[in-house]
Amino acid sequence: MGKEISSNYSLDTKCQLLDRDLADKWGAISFPIYQSATFAHHGVGGSTGYDYTRMQNPTRQQLESVVADLENGIDALAYSSGMAAVANVMELFRPGDHIIIDEDLYGGSIRLFDEINAKNGIEFTVVDLSREDITQYIKDNTKAVYLETPTNPMMNVTDLEKLAKATRTAGLILIVDNTFLSPYFQNPLDLGADIVIHSGTKFLGGHHDTIGGFVVVKDEKLDERLRFIYKTVGAGLSPFDSWLILRGIRTLSVRLERAQENARALAEYLKGKEHVTRVIYPGLPEHPGHEIMKKQARGFGAMLTFEVDSAEFAKRILDNVELIYFAESLGGTETLITYPITQTHAEVPSELLKKNGITDRVLRLSVGIEGIEDLKNEFDRVFALAD
Ligand SMILES: *Cc1c(COP(=O)(O)O)cnc(C)c1O
């Protein structure tokens with residue numbers, strides 16, 4: 001189906017070539033949307049390889065092979081959302097299992113662990129994986145370690161190779177949510193992770209127009225188990241949404257390069273502004289995770305968090321942005337500003353918020369691909385309202 005791609009091609013070129021069906025009899029350059037729930041058999045035992053879309057669909061499979069390739073995995077599974085991807089991975093575990101999770105995670109993942117998985121008997125220990133060694137937290141029933149790096153929204157960076165050494169020694173599954181950097185900038189499987197998760201809604205889709213999620217693996221046994229859960233639970237991505245994400249991936253490299261350039265420039269700009277008390281961007285040399293990022297990633301991404309001197313001013317910024325949208329989510333071509341305390345992290349326990357420094361003065365930016373001068377002018381205008 002999809003074209004065999006030479007591994008010598010750069011990521012930029014691969015993104016153009018992968019989305020192709022050489023067998024398409026009309027020579028379509030865009031992979032077709034197979035909007036079919038079921039597939040006919042050519043007689044008994046004559047399946048085309050596609051039986052029923054909950055299990056397999058050609059458009060979705062094309063997307064899955066693209067994402068698997070970008071993450072250097074043997075298989076990728078496409079889900080109806082990032083949360084569906086996380087929830088399906090959690091079905092690998094049973095009551096009594098223990099999982100070590102990082103303390104700074106996407107709010108929806110924390111809610112899933114606390115409200116759904118804990119009720120089903122899975123035990124969690126929250127650890128700051130960017131600073132602490134996991135060895136002391138491993139118990140007889142520990143099965144996995146789950147994290148994001150850099151984290152949302154505080155941009156803590158964990159050394160993945162070092163952590164992978166520890167999980168491998170202890171026989172634990174290392175699960176990395178790679179949404180913030182996308183496979184364009186970081187490949188956790190190459191650094192020793194066993195499972196990579198993505199919210200495809202973000203950089204992979206790239207246009208704030210669809211919801212999707214991925215799980216990528218490099219081990220056949222794990223893949224088999226996840227495929228079984230996949231067809232049984234039924235949270236597969238629809239053919240049309242699969243096509244939208246295929247289309248998004250074609251411009252992954254140019255979008256991310258430009259967004260990163262803007263993020264770096266905005267980080268420098270915000271550092272010099274009165275009323276800004278802290279700028280957290282791993283691309284800044286003073287960021288504590290800067291050197292680790294240089295070692296394990298190909299870039300620093302387009303997410304940055306900053307803190308202002310009062311909650312009042314933070315709210316005034318949110319009330320007065322015009323070019324920038326005040327919205328949750330990230331990874332699209334437009335710049336979004338998010339207020340973690342009332343949006344993405346609204347249901348995170350207050351002690352955890354406090355410990356992580358997520359206060360009512362913290363704002364998060366998903367930097368888009370607009371003209372950088374327009375973005376700076378927007379902030380100049382909004383900052384003038386502080387006085
Ligand atoms: C958005 C997000 C998710 C959840 O993905 P959805 O597509 O919204 O379900 C998980 N992890 C991270 C880091 C995210 O940003």
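We count ligands from 1, going down the list as the structure has it; atoms in each ligand are counted the same way. Note that the structure is predicted; figures quoted are calculated from it, not measured. Values reported hereafter were calculated over all heavy atoms of this structure, with side chains retained and with hydrogens, waters and symmetry mates removed.
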Pairs of nitrogen or oxygen atoms, one from ligand 1 and one from the protein, closer than 3.5 Å: please tabulate them with distances.
from, atom 1, to, atom 2, distance (Å)
ligand 1, 5 (O), Ser199, OG, 3.0
ligand 1, 7 (O), Gly82, N, 2.9
ligand 1, 7 (O), Ser199, OG, 2.8
ligand 1, 7 (O), Thr201, OG1, 2.6
ligand 1, 9 (O), Gly82, N, 3.0
ligand 1, 9 (O), Met83, N, 2.9
ligand 1, 11 (N), Asp177, OD2, 2.6
ligand 1, 15 (O), Lys202, NZ, 2.8

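- Residues satisfying the side chain to side chain donor-acceptor pair (under 3.5 Å) test with Glu123, not counting sequence neighbours, are Lys139, Asn141.
- Judged by distance alone, the side chains of Thr179 and Glu148 never bring a donor and an acceptor atom under 3.5 Å apart.
- Applying the salt bridge (Lys or Arg N to Asp or Glu O under 4.0 Å) test to pairs two or more places apart or on separate chains, those with a residue in residues 155-184 are Asp159-Lys295.
- Geometrically, Lys315 does not engage Phe326 in a cation-pi contact, judged by NZ or CZ lying under 6.0 Å from the ring centre and within 45° of the ring axis.
- In this structure, Val348 and Leu353 approach most closely via the heavy-atom pair O-CD1, 3.6 Å.
- Every residue two or more places apart in sequence or in another chain that forms a salt bridge (Lys or Arg N to Asp or Glu O under 4.0 Å) with Lys273 is listed here: Asp380.
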